[in-house]
Number of protein chains: 2
Amino acid sequence: MRPSKRDELVEKALLVFYRHGFHATGMDRLVAETGISKTSMYKHFSTKEDLILAALALRDKQFRRWLFRRMEQLGSTPRGQLIAMFDSLKEWFAQEGFQGCMFIKAAAEYQKSADPIHMKSAEHKSILISCFSDIAKRAGAADPDTLACRLMLLKEGAIVAAQFGITKNPAMDAKAAAKILLADALGQ
Amino acid sequence: MRPSKRDELVEKALLVFYRHGFHATGMDRLVAETGISKTSMYKHFSTKEDLILAALALRDKQFRRWLFRRMEQLGSTPRGQLIAMFDSLKEWFAQEGFQGCMFIKAAAEYQKSADPIHMKSAEHKSILISCFSDIAKRAGAADPDTLACRLMLLKEGAIVAAQFGITKNPAMDAKAAAKILLADALGQ
DNA sequence: GGCATACTGTACTGATCTGTTAACATAAGG
DNA sequence: CCTTATGTTAACAGATCAGTACAGTATGCC
């Protein structure tokens, strides 16, 4: 089967991009850090942008799978799962290589809203919002979209705060705030 | 007085960095877009990093002056000012060239926490938090630091959401959430 | 054996990167 | 008039950028 080498490339490239940034990562560095020849890279992806898009697609899949699985493990009810999101975030922030959100960083480096990389990043956030909205609906929210938006604000804020390291425990700050917003939206 | 040319350089460089990003902006582009010779640039700032740091310092000053002035104009009480922050943000997001937060983008491109650019960006966020805390204290919050943290989460989340353009009105979503959090922290 | 596939290694192109250097212009102050 | 400061244009150095070209290797299938 052919997927192995290509998938290996995308996985390793994802780590390198995450650690060093997009513009700051040259193809030669990718060759050095992935151990995959430049020829192979350009056989699988004809431009650096294509490789970045593939890395973002993988990250989107990885992150969503991880987050929603963890939320289900930590929360037994829809409401509990929404709160558990912030416990999950706390675990993420505590991971050794944590350096913020891949998509925020991608959008920061590729700013034009028409840029494919920017669009891919925005798409990830949109998907998350609609997933949150689904859970909010199951939790009985009268206006699940609004609740999802508010939780998203806390989540993105917590990620940014964690990236800067300006507050001690942004995930738990966000969790406390989320509980208040959930009480307002769902009662008690 | 000698400040003119140097200040002009920093002001113009700030705009170019904001629009195009840091790594993506070469010194030649700065020459072209600022009209200032490369020789002069390197007389005032011996490295690109120094210039970026000066631009960030200016942005920090500009942004804080603008935000707190606007909050005072729009809110008559400390509590009203904290709410007015989100009306101010709405105005910012609606500005023509809005492309997210300069400091989030800087931290995204210079990720290492020991990097001077990263530190300068984190410093800006720290200053804002402590200012929010001061206002929260004047508003009568029992735990002004916690309230400031929560409002900061909403603010950063709103900026990220606005940068992605994934929700229609992130500033007003954040404002609604802030009112709930303020009611919780300050009563009614 | 013959052939295709998938990969590696290396050298290269032309552009662009940060930063330097040299020759020159302008104006103020002694 | 000379000096000094501040600016300009322009070419340059050495590194690195994305991407290409070409020669060679390993595997497996017919």
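Keep in mind it's a predicted model, so treat the numbers as computed, not measured. The chains referred to below are lettered A, B, ... by the order of the sequence lines, with proteins before strands, and numbering in each begins at 1.
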Chemist: Using a 4.0 Å heavy-atom cut-off, write out nucleotides 8-17 of chain D from 5' to 3' as B (base contacted by protein), S (sugar-phosphate only) or - (no contact).
Modeler: BBB-------
Chemist: Whole-Å distance between C/dG19 C1' and B/Leu30 CG?
Modeler: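 Spelled out: CG on B/Leu30 to C1' on C/dG19 is 13 Å.
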Chemist: Could you tell me whether B/Asp28 and B/Lys38 make a salt bridge, using a distance below 4.0 angstrom between a side-chain N and a carboxylate O?
Modeler: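 Result for this pair is yes, salt bridge flagged.
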Chemist: Could you tell me whether a side-chain N or O of B/Lys112 sits under 3.5 Å from a main-chain N or O of A/His20, the two making a donor and an acceptor?
Modeler: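 No, because the side chain of B/Lys112 does not come within donor-acceptor range (under 3.5 Å) of the backbone of A/His20.
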Chemist: Just the rounded figure in Å: distance from C1' of D/dT6 to CG of B/Leu9.
Modeler: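 That distance rounds to 14 Å.
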Chemist: Rounded off to whole Å, could you give me the CZ-to-C1' distance for the A/Phe17 and D/dA18 pair?
Modeler: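 Checked: the CZ to C1' distance equals 12 Å.
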Chemist: Could you tell me the separation between the CG atom of A/Asp7 and the P atom of C/dA6, rounded to a whole number of Å?
Modeler: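 Checked: the CG to P distance equals 14 Å.
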Chemist: Reckon B/His44 has a side-chain N or O less than 4.0 Å from the OP1 or OP2 of D/dT6?
Modeler: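 B/His44 to D/dT6 OP1/OP2: no side-chain N or O under 4.0 Å.
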Chemist: Can A/Glu109 and A/Lys105 be counted as an ion pair, charged N to O under 4.0 angstrom?
Modeler: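 Not counted as a salt bridge, because no side-chain N and carboxylate O are separated by less than 4.0 Å.
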Chemist: So how far off straight is the helix from C/dG1-D/dC30 to C/dG30-D/dC1, going by the axes through five pairs at either end, to 10°?
Modeler: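 Taking five pairs per end, the axes differ by 10°.
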Chemist: Does A/Arg138 pair with A/Asp134 as a salt bridge, N-O distance under 4.0 Å?
Modeler: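 Salt bridge: no.
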Chemist: Can you check the B/Asp50 CG to C/dT18 P distance for me, whole Å?
Modeler: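 So the CG-P distance, B/Asp50 to C/dT18, works out to 14 Å.
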Chemist: Can any side-chain N or O of B/Ser126 pair as donor or acceptor with the backbone N or O of B/Ala122 at less than 3.5 Å?
Modeler: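 Answer holds: yes.
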Chemist: One thing to verify: whether B/Glu156 and B/Lys125 come together as a salt bridge, which I'm taking to mean a side-chain N less than 4.0 angstrom from a carboxylate O.
Modeler: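 Salt bridge present between B/Lys125 and B/Glu156.
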Chemist: Quick one: are the ring centres of A/Phe103 and A/His124 less than 6.0 Å apart?
Modeler: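 Ring-ring flag for A/Phe103/A/His124: true, centres closer than 6.0 Å.
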Chemist: Just by modelled atom types, is the A/Gln99 backbone N or O under 3.5 Å from a matching donor or acceptor in the A/Tyr18 side chain?
Modeler: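 Side chain of A/Tyr18 to backbone of A/Gln99: a pair is present.
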